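Report on the structure given below.
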Amino acid sequence: MVKLYGNEKMMEEDKIAKMSLIDNELGSLMNIVSQKLFKANAVMDCISSRLDTVFGMPKASEILHHRIAHKFPLLADIITEYLAKRNYAVYYGLIPQINYRYDKPSEYFWEFVNMMGEIRDDINLAIEKAESIKDFSASDILSSFLSEYIDLYTKQSFIFYYQSLQEEEHGNLSSFNSHFEDLMIIE
């Protein structure tokens, strides 16, 4: 195996990019979606940890951790596997440090809402790009992904947020924790 250095390495990567079966800008936009989904895993891990340790909500923490946080890398895989089929080399960024410190569960759930909004916006940008270059395969995949998964997770984020506001208003976090499973719409 030949090791490439400096400009030689860049030229080799340029050759690979040119062999891609997807527009480079579209591939990059889809790669950003994938990276945001990996970040979502870290965000939800942080939220689930804080619910358990700061607010004494172990049931809610367990559900968030296993039924939501662990799903985000699997969702990212859907995007990266599609890109691989299109011969696009995926690049993985660093997962940023997630260290939220809020006073109420609703503030954590608002982070979930915002995160889903960002992911939706990024997917819509990629759909717009795919449609503008008439890449209907990518447009279809992204549209299906949005409607089958991201819409569901976005709705789930709003359910948690609005329910947490109500429970905080009534000082009922213990009830929120014990009935958390009833709020789940994600299987």
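This one's a predicted model, so the numbers in the text were calculated from it and none came from an experiment.
- Of all heavy-atom pairs between F176 and Q163, the closest is CE1-CG, 3.7 Å.
- Side-chain contact between E131 and I127 is present, with at least one heavy-atom pair separated by less than 4.5 Å.
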Give the table of side-chain donor-acceptor pairs shorter than 3.5 Å for residues 111-118, with sequence neighbours excluded, one pair per line with atom names and distance.
unit_1 : atom_1 : unit_2 : atom_2 : d
E111   : OE1    : Y100   : OH     : 3.4
E111   : OE2    : Y102   : OH     : 2.4
N114   : ND2    : W110   : O      : 3.4

Run the side-chain donor-acceptor check on residues 177-185: report pairs under 3.5 Å with partners two or more places apart or on a different chain.
unit_1 : atom_1 : unit_2 : atom_2 : d
N177   : OD1    : K59    : N      : 3.1
N177   : OD1    : A60    : N      : 2.9
S178   : OG     : S174   : O      : 3.2
S178   : OG     : S175   : O      : 3.2
H179   : ND1    : S175   : O      : 3.0
E181   : OE1    : R67    : NH1    : 2.9
E181   : OE2    : R67    : NH1    : 2.7

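- In this structure, H70 and H65 have perpendicular ring planes: the angle between them is above 60°, well past the 30° mark.
- In this structure, CG in N41 is found 11.5 Å from SG in C46, a value given to the nearest 0.5 Å.
- Counting only distance, with no hydrogens or angles, the side chain of Q166 and the backbone of N172 share no donor-acceptor pair below 3.5 Å.
- Of all heavy-atom pairs between A126 and L142, the closest is CB-CD1, 3.6 Å.
- With contacts defined as side-chain heavy-atom distances shorter than 4.5 Å, the pair R50/N99 qualifies.
- Using a 4.5 Å heavy-atom cutoff, the side chains of L165 and F109 are not in contact.
- Taking all atoms of both residues into account, the shortest heavy-atom contact from L51 to S61 is CB-CB, 4.5 Å.
- Between the side chain of N124 and the backbone N or O of R120, at least one donor-acceptor pair lies under 3.5 Å.
- Aromatic ring orientation, F145 versus Y149: tilted (interplanar angle from 30° to 60°).
- One distance of note links NZ of K36 with CG of L75; it measures 15.0 Å at 0.5 Å rounding.
- Across all non-hydrogen atoms, the minimal contact from I119 to A40 is CD1-CB, 4.2 Å.
- Not counting sequence neighbours, the partners of F72 by the ring pair (Phe, Tyr, Trp, His ring centres under 6.0 Å) test are Y153.
- In this structure, the side chains of L37 and L74 stay at 4.5 Å or more apart for every pair of heavy atoms.
- Contact between K71 and H66 at its shortest, heavy atoms only, is CE-O, 4.4 Å.
- One hydrophobic cluster, built from ILVMFWY side chains closer than 4.5 Å, holds both L152 and Y161.
- In the hydrophobic cluster analysis, where Ile, Leu, Val, Met, Phe, Trp and Tyr join through side-chain heavy atoms closer than 4.5 angstrom, Y162 is grouped together with F55.
- I32 and I22 fall into different hydrophobic clusters, where Ile, Leu, Val, Met, Phe, Trp and Tyr side chains are chained together by heavy-atom contacts under 4.5 Å.
- Of all non-hydrogen atoms in D103 and E107, the two that sit nearest each other are N-OE1, 2.9 Å.
- Going from atom CD1 of I63 over to atom CD1 of I186 covers 11.5 Å, rounded to the nearest 0.5 Å.
- Listed for the S143 side chain is no donor-acceptor partner under 3.5 Å among the backbone atoms of D140.
- Judged by distance alone, with hydrogens and angles left aside, the side-chain atoms of S139 form no donor-acceptor pair with the main-chain N or O of F136 at under 3.5 Å.
- Atoms CG and OH, from N24 and Y88 in turn, are 5.0 Å apart once rounded to the nearest 0.5 Å.
- One finds the CE atom of M30 at 11.0 Å from the CD1 atom of I78 (value rounded to the nearest 0.5 Å).
- P73 places a side-chain heavy atom less than 4.5 Å from the side chain of F38.
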Practice task
Could you walk me through whether D135 and R86 pass side-chain contact (heavy atoms from CB on, under 4.5 Å), step by step?
Solution key: CA-CA 11 Å; D135 187 337; R86 301 287 299 272; 2.8 Å; yes

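- Considering only heavy atoms from C-beta on, E168 comes within 4.5 Å of P105 through its side chain.
- In this structure, OG on S49 lies 11.5 Å from CG on L64, to the nearest 0.5 angstrom.
- The shortest side-chain heavy-atom distance between L29 and D122 does not fall under the 4.5 Å cut-off.
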